[in-house]
Amino acid sequence: MDNNNSKKLMWYNLGLMAFVTVWGFGNIVNNFANQGLTVITSWILILALYFIPYALMVGELGSTFKDSKGGVSSWIGETTSPKIAYLAGWTYWVVHIPYLAQKPQAVAISLGWAVFQDGTTLNNMNPIVLQSICLVVFLFFVWIASRGINSLGKIGTVAGIATFIMSLLYILLVIAAPSIRGVHIATPNINFQTFIPKFDFTYFTTLAMLVFAVGGAEKISPYVNNMKDPKKGFPRGMIALAVMVAICAILGSFAMGIMFDATNIPDDLMMNGAYYAFQMLGDYYGVGNFFLILYALANFAGQVSALVFSIDAPLKVLLADTDDRYVPRSLAKVNKRGVPTNGYIMTTILVSILIIVPALGIGDVNSLFTWLLKLNAVVMPMRYLWVFLAYIMLRKAVKGTFHSDYKFVKNNKLALGFGVWCFIFTAFACIMGIFPTNAEAFSTSWIFQVSMNIATIFVLLGLGLILPSIAKRKNSEYLK
């Protein structure tokens, strides 16, 4: 392909592509459930102090390593060593284990709302029964993924676009509802103080969910090399992305405050909030459950697609970009469909444990869903730590070692400062996210959830540390 033709993306094209990739309606619901209307101030702070530097650093990494195919692990490999690159690749894969454990719940909830049009069916279910159903759902989709079925990706793309459009429509219709439909604003006495957070321990436990919401910018890094003018266009695109996210986050959170009393947030808002929102939107405009059913069906298709994709893609990234010194060859062995069957078995065992074990100590379905979601908010951002480490090592490298058409900032010390700040902030958010926000401190449920969070992190990351020694032994036997 001609180089001039390939570099054809304008800044607004990149901004829109990144927006669809990074943003989702769940980001609004989950963070409103955590903070109420004070989240509006949190959105402004997180976008200005964290997200914009993060996205611009990703742009520089993508421009520097334009030919790398492994993403973050390749960046780490170029700037540090193959062993550190393996650990980055392992982290990228292993953080998807809690994600995969939570997805069957999301599939069941969306289907339950589409069929029964209320949340009580699953809310009142015994957690062990629900998680047993979720395990069956997960095993079914492991089988689907093992068959090499790729059509679900196209369905998921269409469903994702549909839910994205509905999310924007929701914001516009709810904000307009008080004036054109005479809707009563649920949150009383909204004033300046309503939006000011109380920066205490509880507040800091909610930061992980905010970081989780704005993460994922590294997915767009390859596109920096397809831009017409990366030096000017990429930062413009990222600033446009931040503006669009800010508008949706702020107006979306305010829309939630119109629908739900921010001083008395329902306990199950994280689990059922999106469905409540679209059900109430239908009531506002006299169309019954039309919006609810449409959203539930689109979300069901999107969740199924994400589940199948996340079983397969992260594992292949790990196995494809790691040498034999760190991963046993048996894990990379593929069947006639190109599926790494032993890798699938390892994934299935870890996910199955994380589906069933928490149900033994978390007493109700809503608490279980919220715990798994918040666990994701703790472990998923751990992969961003490698992004910032790669950036720090890039800017610490001897001048002339690497070349980039785009630089976030020219001053090396300032660049390092941004990298260190984002690394420390991400680590702090992950650590604070270990502690439950809403559970009573030191209650039985609180202790169980904290213990499960810590154990999950140590087990998942610990396996990555011992796998190279297993690989050394197994691969030497393989060669005999």
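Note that this is a predicted model, so its numbers are computed, not measured.
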Self-check item: Qualifying residue for side chain to side chain contact (heavy atoms under 4.5 Å, CB included) with Phe388, from Trp421, Tyr54, Phe425
Solution: Tyr54

Practice problem: Check whether any side-chain N or O of Thr205 sits under 3.5 Å from a backbone N or O of Thr202 as a donor-acceptor pair, and report yes or no. | Solution: yes

Quiz item: Can you tell me how far OG of Ser167 sits from CD1 of Ile28, rounded to the nearest 0.5 angstrom?
Solution: 6.5 Å

Quiz item: Do the non-hydrogen side-chain atoms of Met238 and Leu241 ever get within less than 4.5 Å of each other?
Solution: yes

Practice problem: Among Leu292, Leu173, Leu169, find the residue that satisfies the side chain to side chain contact (heavy atoms under 4.5 Å, CB included) test when tested with Leu281. | Solution: Leu173

Quiz item: Are the ring centres of Phe278 and Phe291 closer than 6.0 Å?
Solution: no

Quiz item: Which value, rounded to the nearest 0.5 Å, describes the distance between Leu207 atom CG and Ile431 atom CD1?
Solution: 12.0 Å

Quiz item: Can you find a pair of side-chain heavy atoms, one from Lys374 and one from Met270, that are under 4.5 Å apart?
Solution: yes

Quiz item: Would you say Pro104 and Leu135 make side-chain contact, with heavy atoms under 4.5 Å?
Solution: no

Quiz item: Counting distance only, does the side-chain N/O of Asn453 pair as donor-acceptor with the main-chain N or O of Ile434 below 3.5 Å?
Solution: yes

Self-check item: Asn27 side-chain N/O to Trp23 backbone N/O, donor-acceptor pair under 3.5 Å
Solution: no

Self-check item: Val365 versus Met125, closest heavy-atom pair with distance
Solution: CG2-O, 3.0 Å

Quiz item: Which atoms form the tightest heavy-atom contact between Met259 and Ala277, and what is the distance?
Solution: CE-O, 3.0 Å

Self-check item: Audit row: Met271, Leu122, side chain to side chain contact (heavy atoms under 4.5 Å, CB included) steps and yes/no
Solution: CA-CA 10 Å; Met271 178 173 170; Leu122 291 180; 4.2 Å; yes

Exercise. Compare all side-chain heavy atoms of Trp93 with those of Leu319 and state whether any distance is below 4.5 angstrom.
Key: no

Quiz item: With side chains defined as the heavy atoms from C-beta onward, is the minimum distance between Leu87 and Tyr326 less than 4.5 Å?
Solution: no

Practice problem: Decide side chain to side chain contact (heavy atoms under 4.5 Å, CB included) for Leu37 and Ile40; before the verdict, give the C-alpha distance in whole Å, the side-chain angles of both, and the deciding distance to 0.1 Å. | Solution: CA-CA 6 Å; Leu37 284 174; Ile40 289 176; 4.1 Å; yes

Quiz item: Can a donor-acceptor pair be found between the side chains of Tyr203 and Thr437 at a distance below 3.5 Å?
Solution: no

Quiz item: CD1 of Ile175 to CG of Leu251: how many Å apart, nearest 0.5 Å?
Solution: 4.0 Å

Quiz prompt | Smallest separation among heavy atoms of Ser42 and Leu210, with atom names | solution = CB-CD1, 3.8 Å

Practice problem: Check the angle between the aromatic planes of Phe25 and Tyr170 and answer parallel, tilted or perpendicular using the 30° and 60° thresholds. | Solution: perpendicular

Quiz prompt | Flag for Tyr344-Asp312: side-chain donor and acceptor within less than 3.5 Å | solution = yes

Quiz item: Is Asn366 reaching over with its side chain to a backbone N or O of Asp267, donor-acceptor style, under 3.5 angstrom?
Solution: yes

Quiz item: Shortest non-hydrogen contact from Thr456 to Met452?
Solution: OG1-O, 2.6 Å

Quiz item: With sequence neighbours excluded, what pairs up with Trp43 under the side-chain hydrogen bond (donor to acceptor under 3.5 Å, both in side chains) test?
Solution: Ser253

Practice problem: Please state whether the rings of Tyr99 and His96 are parallel, tilted or perpendicular, taking 30° and 60° as the class boundaries. | Solution: perpendicular

Quiz item: Within the side chain of Asn299, is there an N or O that forms a donor-acceptor pair under 3.5 Å with the backbone of Tyr295?
Solution: no

Self-check item: Contact summary for Ser146 and Val339, nearest pair of heavy atoms
Solution: O-CG2, 3.4 Å

Exercise. Look at the side chain of Asp364 and the backbone N and O of Ser367, then say whether any donor-acceptor pair between them is shorter than 3.5 Å.
Key: yes

Exercise. Drop me the distance from Leu47's CG to Ile250's CD1, to the nearest 0.5 angstrom.
Key: 7.5 Å

Quiz item: Taking only residues two or more places apart in sequence, or in another chain, which ones meet Glu60 in a side-chain hydrogen bond (donor to acceptor under 3.5 Å, both in side chains)?
Solution: Tyr391, Arg395

Quiz item: Can you check whether Ala301's main-chain N or O pairs, donor with acceptor, with Ser305's side chain at less than 3.5 Å?
Solution: no

Quiz item: Do we see a donor-acceptor contact under 3.5 Å between the side chains of Gln303 and Ser110?
Solution: no

Quiz prompt | Heavy-atom side-chain proximity of Trp446 to Phe435 below 4.5 angstrom | solution = yes

Quiz item: Are Val72 and Tyr92 close enough, and set up right, to give a side chain to side chain contact (heavy atoms under 4.5 Å, CB included), and what steps lead you there?
Solution: CA-CA 8 Å; Val72 177; Tyr92 178 83; 5.6 Å; no

Exercise. Could you check if a side-chain atom of Leu461 sits within less than 4.5 angstrom of a side-chain atom of Met382, using non-hydrogen atoms only?
Key: yes

Self-check item: Neighbour count above 12 (heavy atom, 6.0 Å) for Phe458 CZ
Solution: no

Quiz prompt | Worked check of side chain to side chain donor-acceptor pair (under 3.5 Å) between Asn272 and Asn123 | solution = CA-CA 9 Å; Asn272 294 310; Asn123 270 12; 3.2 Å; yes

Quiz item: Rounded to the nearest 0.5 Å, how far apart are CD1 of Ile356 and CD1 of Ile353?
Solution: 10.5 Å

Quiz item: Do Trp90 side-chain atoms and Leu460 backbone N/O form a donor-acceptor pair below 3.5 Å?
Solution: yes

Self-check item: Rounded distance [0.5 Å steps], CG in Leu315 versus OG1 in Thr347
Solution: 5.0 Å

Quiz item: Is there a side chain to side chain contact (heavy atoms under 4.5 Å, CB included) between Ile265 and Phe260 once you walk through the steps?
Solution: CA-CA 7 Å; Ile265 297 171; Phe260 303 97; 6.0 Å; no

Quiz item: With distance as the sole test, does Asn376 use its side chain to make a donor-acceptor pair with the main-chain N or O of Leu372 at under 3.5 Å?
Solution: yes

Quiz item: Side chain of Thr187, backbone of Gly257: donor and acceptor closer than 3.5 Å?
Solution: yes

Self-check item: Beyond-backbone contact of Leu294 with Met166, side-chain heavy atoms, under 4.5 angstrom
Solution: yes

Self-check item: Atom CZ of Phe448: over 12 foreign heavy atoms under 6.0 Å
Solution: yes

Exercise. Taking the six-membered ring for Trp and the single ring otherwise, decide whether the centroids of Tyr276 and Trp113 are under 6.0 Å apart.
Key: yes

Quiz item: Ala242 and Ile52: which non-hydrogen atoms are nearest, and at how many Å?
Solution: CB-CG1, 3.6 Å

